[in-house]
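Single-structure report; data block below.
Along the sequence shown, residues carry numbers from 1.
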Amino acid sequence: RANLAEKNILLQKIYDAEQLDVDAIVAEYLEFDKYIDPFVTDTTLLLHNALNEGKTVLAEGAQGALLDVDHGTYPFVTSSNPTSGGACTGLGLPPTSINRIVGLVKAYSTRVGNGPFPTELHDAVGEKLRADGAEFGATTGRPRRCGWLDLVALKYSVMVNGITDIALTKLDVLDTHESINVCTGYTIDNKPVKSFPSDVQLLDSVETQYTTLPGWNTPLDGISTYDALPQATKDYIEFIEKFTGAKVSIVSTSPDRNGTIIR
């Protein structure tokens, strides 16, 4: 009531708008409370009880590892910890309860908004990736920045998240490329950088080193088993595995729900 008394003065005096009815709002939300009450509980206890009963719990994180407030490319980050450790602090689960961590990885790299992006492409190839991958913001329609897959950044993400499995998505976006570059190293002043520098000034100054792999030049849509993939596609996947140390357990070959290969 105290809050709305203040807001009603602003609504009336500044915006010449109708004032809010406190009693009507309270009545509306009391009805809503009756509906939602059965679904409200102590979620930490709920999850622990589920695990103690031998059930499987799937926790899904939002945003990306390099947007982590502590381990990302600060200040171009979010306000929380989207790395896997955030699941423990957010849910009240101990690290020992987690036995599998799946990292969702596009077959190429994208970034939304500002921030360092060593493999960003400002040419026709970047435009092609954006168009073929429909890389536009779902809400704003803002074009996403696109570039080749950055294995240095991915290996860092695998390290800080403890990723055991990779789900490689949008592999079909690369179907029509004669050759595919992957970033396998950074240098600064011609000297190799030993690890991924999350410091944005260093990251902005790196030169990227690429390995070129042959493209497969054939549609992946409709392929339902790993063995049936073109050899060049399997070589690309296995190159990622060898560099990062994480197994690519899930492969997406089309935007369709059924276009997923489980290895």
Side-chain angles (χ1 to χ4, degrees), residues 61-90 95 98 101-123 125-126 129-130 133 135 137 142-170 174 179-213 236-248:
Q63 306 189 70
L66 295 185
L67 296 178
D68 189 279
V69 67
D70 295 311
H71 305 291
T73 53
Y74 186 87
F76 303 101
V77 294
T78 188
S79 58
S80 61
N81 294 104
T83 41
S84 61
C88 297
T89 54
I98 297 176
I101 299 172
V102 181
L104 273 69
V105 183
K106 287 179 185 175
Y108 52 96
S109 297
T110 62
R111 181 155 196 160
V112 177
N114 296 326
F117 189 172
T119 64
E120 183 175 9
L121 295 168
H122 300 280
D123 57 11
V125 177
L129 288 173
R130 183 180 297 111
E135 294 294 352
R142 179 171 56 168
R144 298 189 183 112
R145 300 158 65 193
C146 298
W148 294 120
L149 182 61
D150 187 339
L151 289 182
V152 179
L154 180 54
K155 188 173 184 177
Y156 171 77
S157 181
V158 168
M159 178 182 73
V160 297
N161 285 284
I163 289 171
T164 56
D165 299 80
I166 288 174
L168 190 63
T169 67
K170 291 197 164 187
L174 302 178
S179 59
I180 301 168
N181 289 335
V182 286
C183 177
T184 51
Y186 295 161
T187 60
I188 296 178
D189 296 330
N190 294 319
K191 296 179 181 177
V193 178
K194 292 182 179 179
S195 60
F196 178 81
S198 57
D199 177 272
V200 293
Q201 290 180 319
L202 283 176
L203 196 55
D204 263 336
S205 63
V206 300
E207 295 289 332
T208 47
Q209 310 300 310
Y210 289 100
T211 298
T212 301
L213 301 173
Y236 185 70
I237 292 169
E238 288 157 22
F239 190 92
I240 294 170
E241 289 181 321
K242 185 176 181 180
F243 193 96
T244 63
K247 179 178 175 59
V248 176

Any salt bridge (Lys or Arg N to Asp or Glu O under 4.0 Å) pairs touching residues 153-164, not counting sequence neighbours?
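Checked against salt bridge (Lys or Arg N to Asp or Glu O under 4.0 Å) - neighbours excluded - no pair reaches residues 153-164.
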Could you tell me which non-hydrogen atom of [X] sits nearest to which non-hydrogen atom of [Y], and how far apart they are?
X      : Y      : result
Val160 : Ser84  : O-OG, 4.4 Å
Ser198 : Gly72  : CB-O, 3.5 Å
Gly126 : Cys146 : O-CB, 3.9 Å
Pro75  : Val200 : CD-CG2, 4.2 Å
Ile98  : Cys88  : CD1-SG, 3.6 Å
Leu67  : Pro82  : C-CG, 4.1 Å

When you look at Phe243 and Thr211, which way does the side-chain contact (heavy atoms from CB on, under 4.5 Å) test go after all the steps?
CA-CA 12 Å; Phe243 193 96; Thr211 298; over 6 Å; no
Give, for atom [atom1] of [X] and atom [atom2] of [Y], the distance between the pair rounded to the nearest 0.5 Å.
X      : Y      : atom1 : atom2 : answer
Asn161 : His71  : CG    : NE2   : 9.0 Å
Lys247 : Ile237 : NZ    : CD1   : 10.0 Å
Asp199 : Asp204 : CG    : CG    : 9.5 Å
Arg111 : Arg145 : CZ    : CZ    : 6.5 Å
Asp150 : Cys183 : CG    : SG    : 4.5 Å
Ile180 : Leu213 : CD1   : CG    : 7.0 Å

Check whether any side-chain heavy atom of [X] sits under 4.5 Å from a side-chain heavy atom of [Y], and report yes or no.
X      : Y      : result
Leu154 : Val105 : yes
Leu203 : Phe117 : no
Ile240 : Leu168 : yes
Phe239 : Leu151 : yes
Met159 : Phe196 : no
Leu66  : Phe76  : no
Ser157 : Ile163 : yes
Ile166 : Thr244 : yes

Salt-bridge contact Arg142-Glu135 (side-chain N to carboxylate O under 4.0 Å)
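The answer is no: the pair does not qualify as a salt bridge.
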Could you check Asn81 against Val69 for side-chain contact (heavy atoms from CB on, under 4.5 Å), going step by step and ending with a plain yes or no?
CA-CA 6 Å; Asn81 294 104; Val69 67; 3.9 Å; yes
Looking only at side chains, do Ser109 and Arg144 share a donor and an acceptor under 3.5 Å apart?
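Side-chain D/A pair, Ser109 to Arg144: absent.
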Answer yes if the side chains of Ser179 and Thr212 hold a donor-acceptor pair under 3.5 Å, and no otherwise.
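No, because no side-chain N or O of Ser179 sits under 3.5 Å from a partner of the opposite role on Thr212.
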Checking Trp148 against Val182 for the side-chain contact (heavy atoms from CB on, under 4.5 Å) test, could you report, in this order, the C-alpha distance in whole Å, the side-chain angles of both residues, the deciding distance, and whether it holds?
CA-CA 6 Å; Trp148 294 120; Val182 286; over 6 Å; no
Dump the intermediate steps for side-chain contact (heavy atoms from CB on, under 4.5 Å) on Val193 and Gln209, then the final yes or no.
CA-CA 11 Å; Val193 178; Gln209 310 300 310; over 6 Å; no
Is there a side chain to side chain donor-acceptor pair (under 3.5 Å) between Thr187 and Glu207? Walk through the geometry before answering.
CA-CA 5 Å; Thr187 60; Glu207 295 289 332; 6.0 Å; no
Between the side chain of Asp189 and the main-chain N/O of Lys191, is any donor-acceptor distance below 3.5 Å?
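No; judged by distance alone, with no hydrogens or angles, the pair does not exist.
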Donor-acceptor pair, distance only, cut-off 3.5 Å: does the side chain of Glu241 make one with the backbone of Val248?
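Yes, because the side chain of Glu241 sits within donor-acceptor range (under 3.5 Å) of the backbone of Val248.
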